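Have a look at the structure below before the remarks.
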Amino acid sequence: MTDRRGHEPPGAAQGKRGTAPGRGNPPRKAQPRRPSTTDSGRTTPQRPESTRERLLRKAREEQQRAAADAAPRPVKKAAAKRPASGTATPRKQAPAKKTAAKRPVQKAPVKKAAAKKRPPQNRPRPRPKKRRVKKPPRMLRLGRPTLRLRMTFGVMAFVLSLFAGRLVLLQGVDPDSYAQAATKENARTYILHANRGTIEDRNGVDLAVTEDAVAITADPKQTKPVAQQLAAILAPKLTGTTTAKLVAAMSGTGRFEYLARRVSPTVWSEIQAEIKARNAKIAEQNKGKPKEQQAPMLVGLYTEQDPIRSHPNGSIAATLVGVTGAEGKGQSGLEYGLNDKLSGQDGQAMYEVDAKGNKIPNANHTVQEPKPGLGVQLTLDTDLQFFAEKRIEQAVKQYKASAGTVVVMDVKSGELMALANYPTFDPNKRYKPSDLNNPALERSYEPGSVQKVVTMAALADAGLIDLNTKLKVPGSIEVQRRTIKDHWPHGTLNMTISGVIAKSSNVGTIMAAQKMPIPQFVKYLHDFGFGEPTGLNFPGETKGRLSPGDEWPEITRSNVAFGQGLSVNAVQEAAAVNAVANGGVYVPPKLVRNYVDANGNLTPNQTAPPRRVVSEKAAKDVTRMMEAVTAKKGTAPQAAIDGYLVAGKTGTAQQVVPGTGKYGAWATSFAGFAPADNPRFVTYVVLHDPQGARGGGLQGGPVFRDVMSYALQKYVVPPTGAAQPNIPLTWK
């Protein structure tokens, strides 16, 4: 039994180890019990202290200890220090009395007295260390549910308002624009290429037409896994591309790539057949295999309309008609010069497609129809053009010339019936960029003695010469310390003006030209179209070269008078000779006859109006002079045509070698018209750099004769029956 202080009575623990008197261990000091407000005499078990209560109690104890340490303590002289309050101190028990009747009472264990502290010294007491006051632990406060509900409701209301506003915007404010955007996202646009206008000759024979073809396109998202296999099929059948280029195009990141343009339907059919055969083999190999082990099918290729330009007559008029490029635009000739009229206007079609790029049947689609280009009807005659091309090709090869040109012109209308060049090319086959030029209009050269026709017409119109003019012509003439000779050596000759033309005397021409003032002579040259464009608006056309102004030195006028010192193109020279054949009226050359719309309606091509440059009498006098050229005593009897009276003029001119600035090449030519007494056609022939014996009559005369004969027969021009006149060439 224990007392209220928690000590056991003496003798209660005698049976325990180390507690009996006389043993080596001192009695154990009793542990003080924690005071409690519920202590009483009852022996009822106490309720265990909760965690919250324990934490609060410890916090109070810590605060009390901190307050006690912070307060000043008085110095005591007592020997013993009083224990701190709140701590139970064991009391000494009196020795038990020995009584026989009573059981001896065991002494309570004596607790050692507290050791006496040393008396205070005369020194300052050290400042007590401040103890760190521990903050009481934070307590979790429970939220207010009403506030939480209000905040949640507010957030939900805000989000719902955003959805509601977006819905109103989509459905009420501007629904069409969003619908269009959604359609555009799933739509694919296809270009509908307009048919390029047809180029045909005067009789409706096609020279350049548009044929059906396709452009091969790819969807890289589908073709990427099988790019190598597809490229192996396409590369051998397509021109202008390689396997590497095809693989790169089909392995891109977009959804659309052009692989080839203007592929004929036949080639595309072959490609489709091979793809179909390979897909059948792949499907057979994939049978019974898991899906992840199956080989992919060859898919992802598509086509769209992409018309191709074709030339049904091959090389006929190729240098004149020109070609188109990969994009369908003209690159040379009339295809380039008239591209805006020929092209038309492309249309487009928009279709909705699925995720794989396939058209969705019965889905919305829009189509804007293309507008075809205008057709062009030329003045050329395909048959005459073909004959002229073959004949000049023969002459170029015969005389080993570098090039040749033939121009055939209708005298009254100025229409170009033929414009043949050699070398030429076939636009349906491979060609070089150098093949695309048209020498008849793009090459300039010095015309030589053919120019004497213009000089004599100007002098006759000015009244300075006529058929009775007589000249004493020496073998050479000196002009500004330069000596000019004829092409054949001779002494002084008594020559008529017709003889000067018939024999092509440079000296006689200079003597006659010196009668006219230089400014007047220059004006006549411009009236005949020299130094000016022809008006054909042909791309790359040269206007030739004529010295500027009219204050020429005498040597320039002398050279120009017989065809040196100026440059022309073949059409310019033919048009000047045509003015003499047309009775002195210059007619601008014409190449495009009509424009034809999709319904076949014709719109005539307007050109500059004709203009008179010399009198009719002057033109007839010069025509008589030219008739003597094709006579037996003239310089070009090879140009005569049986049954027809022919007027003509030869030309042999030195040419400057490009890059040297010096003469070293030649050009021979012949210009004439028939029938001379009622002209229908003018034909002009030029050979550049012929080899061997040179002469306009020798080399150009036979070509003129053959081409002119063909034209007269095709257009059924009857002979006039006029005999070759006996024109005196000399005088006594």
Side-chain angles (χ1 to χ4, degrees), residues 202-203 380-392 394-395 398 406-418 420 450 453 467 498-499 501-504 574 577-584 587 616 619-651 668-687 695-729:
R202 64 188 302 116
N203 300 313
L380 298 182
D381 183 305
T382 301
D383 295 336
L384 183 58
Q385 176 76 18
F386 173 77
F387 185 87
E389 287 181 358
K390 292 302 180 183
R391 188 62 184 88
I392 194 63
Q394 180 183 353
Q398 178 181 355
V406 176
V407 179
V408 180
M409 192 171 182
D410 186 277
V411 171
K412 300 299 181 183
S413 65
E415 294 180 346
L416 295 169
M417 308 292 292
V450 173
V453 174
L467 293 176
S498 297
I501 291 297
K503 296 296 183 180
S504 193
V577 174
N578 189 78
V580 175
N582 196 33
V587 181
E616 186 175 359
K620 287 184 177 181
D621 286 349
V622 175
T623 299
R624 294 297 298 270
M625 299 176 196
M626 295 174 66
E627 290 173 2
V629 174
T630 59
K632 292 182 180 180
K633 295 182 180 180
T635 55
Q638 303 90 339
I641 301 174
D642 292 341
Y644 292 90
L645 190 60
V646 177
K649 184 67 189 78
T650 61
T668 58
S669 58
F670 186 91
F673 47 88
D677 50 346
N678 186 19
R680 176 66 190 275
F681 300 114
V682 167
T683 300
Y684 180 50
V685 181
V686 185
L687 288 168
L698 176 66
Q699 296 171 331
V703 179
F704 166 87
R705 178 195 62 214
D706 294 343
V707 174
M708 180 63 81
S709 298
Y710 184 90
L712 293 173
Q713 292 174 13
K714 178 174 174 58
Y715 285 88
V716 196
V717 179
T720 58
Q724 185 76 35
N726 185 15
I727 301 172
L729 305 181

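All values reported here derive from a predicted model rather than from experimental measurement.
Interatomic distance, CG of D642 versus CZ of R705, reported as 9.0 Å (0.5 Å rounding). Taking OG1 from T720 and CG from N678, the interatomic distance works out to 7.5 Å, rounded to the nearest 0.5 Å. Distance CG/L416 to CZ/R202: 10.0 Å, rounded to 0.5 Å. A distance of 3.0 Å separates NZ in K649 from OG in S504, rounded to the nearest 0.5 Å. Interatomic distance, M708 CE to L384 CG, rounded to the nearest 0.5 Å: 9.5 Å. Between Q638 atom CD and T650 atom OG1 the span is 9.5 Å, to the nearest 0.5 Å.
Looking at T630, its side chain does come within 3.5 Å of a backbone N or O of V646 through a donor-acceptor pair. The closest donor-acceptor contact from the side chain of R391 to the backbone of D706 lies at 3.5 Å or more, if one exists at all. Checked by atom type and distance alone, the side chain of N582 never pairs as donor or acceptor with a backbone atom of G584 at under 3.5 Å. Between the side chain of N578 and the backbone N or O of V411 there is at least one donor-acceptor pair closer than 3.5 Å.
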Can you check side chain to side chain donor-acceptor pair (under 3.5 Å) on E389 and Q385, steps first, answer last? CA-CA 6 Å; E389 287 181 358; Q385 176 76 18; 2.8 Å; yes
Ring pair (Phe, Tyr, Trp, His ring centres under 6.0 Å) for Y684 and F704? Distances and angles first, verdict last. CA-CA 7 Å; Y684 180 50; F704 166 87; over 10 Å; no
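For the pair V629/I501, a side-chain contact is recorded, criterion being any heavy-atom separation below 4.5 Å from C-beta on.
Applying the ring-ring contact (aromatic ring centres under 6.0 Å, His included) test between F681 and each of F673, Y715, Y644, Y710 identifies Y715 as the sole match.
K714 NZ: more than 12 foreign heavy atoms inside a 6.0 Å radius.
Closest non-hydrogen pair, T683 versus V408, comes out as OG1-CG2, 3.9 Å.
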